[in-house]
Amino acid sequence: MFDVIRKAEYFDCLDRGLAPRNDMSLKGIQDGWTLSQLCDVKGKRMLEVGGGNSRVLPQLEGNKLWNVDRFEGVGQGPTKVPTQRGIEVIRAFMGDFSPLLPEVDIVFSISVIEHIPFESYVDTFADMARCLPSGGVMIHTVDLPLADVALTHSDTRLRLLREAVEQAGLRWREVPSIGPGATFEADMASNSDLSTWQWTKISEATKLSGPLYQLVSIKMIAEKP
């Protein structure tokens, strides 16, 4: 699966109580969709990449849980290591190939990969694939700006993400449905205008182009053969 989260999916998450109703930002959409993929999973080993003070891991009881993050404040993330019951913290980045990383059944991230430099994608996804056994699953949501016309930076992100996942030896759960040349469509779930305006105050990229695009989320699911 390599597509954009759609409004119908988001509305279903709201109906099911999986997406927070008090969060109009893209992260609320991404949290809800991620939980829709994981909320019924039990007895598995799960690792969240760059979880910070994780909003989702505490809702995944019944599984063995890890949060891998350096806690250096990247992407407005926390600098203090949180204490969350039942969650083991590993202070590292994916791409470090840390020997502390365990083998897990599921690796996931929410609004993290867009903060990784393009040139680090190959190592990052190779490291995540290294942590998965055969049959393991990788699930990610990734911020993506789209406009009425194709955006060069977004085209590059889409192309390099696909290449990095496939180079890591992972297989898409479904045939990818989005690629370079993508433009915004009305059925795509997107960041609220208020949240986008607020983010222009803290993000240089959003500051430069915030009024000119809609911020949506890629949804990615790939499996290790």
Side-chain angles (χ1 to χ4, degrees), residues 1-15 18-21 23-37 49-50 75-76 108-122 124-125 138-168 170-223:
M1 177 183 293
F2 190 70
D3 199 354
V4 170
I5 299 173
R6 307 284 167 163
K7 287 179 182 175
E9 296 172 287
Y10 176 45
F11 289 178
D12 179 64
C13 290
L14 288 168
D15 289 339
L18 299 175
R21 297 190 179 187
D23 185 350
M24 294 185 293
S25 75
L26 193 65
K27 286 182 172 58
I29 295 168
Q30 294 167 324
D31 285 1
W33 182 83
T34 301
L35 279 170
S36 76
Q37 305 301 310
V49 178
Q76 303 297 315
F108 74 94
S109 73
I110 301 171
S111 193
V112 168
I113 291 174
E114 66 272 8
H115 298 292
I116 299 172
F118 289 155
E119 60 268 22
S120 299
Y121 277 4
V122 170
T124 297
F125 282 93
M138 182 181 293
I139 300 173
H140 301 292
T141 59
V142 186
D143 295 17
L144 181 73
L146 291 180
D148 294 333
V149 297
L151 302 174
T152 300
H153 186 272
S154 296
D155 280 358
T156 301
R157 177 173 297 170
L158 289 165
R159 176 176 59 83
L160 293 179
L161 280 174
R162 282 193 59 173
E163 290 176 356
V165 167
E166 291 164 8
Q167 187 171 328
L170 302 170
R171 294 179 182 172
W172 298 107
R173 178 171 287 181
E174 299 175 8
V175 176
S177 302
I178 191 172
T183 57
F184 180 73
E185 299 171 8
D187 73 332
M188 293 176 175
S190 60
N191 204 37
S192 74
D193 290 339
L194 174 60
S195 294
T196 298
W197 173 78
Q198 291 172 330
W199 290 2
T200 64
K201 308 303 179 184
I202 60 174
S203 167
E204 189 64 28
T206 309
K207 185 184 300 182
L208 293 173
S209 53
L212 304 179
Y213 63 67
Q214 292 285 345
L215 196 60
V216 303
S217 179
I218 303 168
K219 55 180 180 181
M220 304 171 56
I221 303 181
E223 301 171 341

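Worth knowing before you read on, the calculation uses all heavy atoms, side chains too, and leaves out hydrogens, waters and symmetry mates. One is the number of the first residue; the rest follow in order along the sequence.
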How far apart are the closest heavy atoms of [X] and [Y], and which atoms are they?
X	Y	value
Thr183	Val149	CG2-C, 3.7 Å
Leu161	Met220	CD1-SD, 4.3 Å
Pro20	Gly28	CD-O, 3.7 Å
Ser36	Cys13	CB-SG, 3.9 Å
Ser109	Val49	CB-O, 3.6 Å
Ile221	Gln37	CD1-OE1, 3.5 Å

Do [X] and [Y] come close enough that some side-chain heavy atom pair is under 4.5 Å?
X	Y	value
Trp199	Asn191	yes
Val216	Glu185	no
Ser154	Tyr213	no
Arg162	Trp172	yes

What's the spacing between Asp31 CG and Ser111 OG if we round to 0.5 Å?
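With rounding to 0.5 Å, CG (Asp31) is 9.0 Å from OG (Ser111).
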Give a yes or no answer on whether the side chain of [X] reaches the backbone of [Y] with a donor-acceptor pair at less than 3.5 Å.
X	Y	value
Lys7	Ala186	yes
Arg157	Pro145	no
Arg173	Glu223	no

Whether His140 and Phe125 hold their rings parallel, tilted or perpendicular, with breakpoints at 30° and 60°:
perpendicular
Matching residue for Gln214 among Thr196, Leu26, Asp148, Asp193 - test: side-chain contact (heavy atoms from CB on, under 4.5 Å)
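For Gln214, the side-chain contact (heavy atoms from CB on, under 4.5 Å) check succeeds only for Asp193.
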Taking Trp33 as the fixed residue, which of Asp12, Leu18, Thr141 is the one that meets the side-chain contact (heavy atoms from CB on, under 4.5 Å) rule?
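That would be Thr141.
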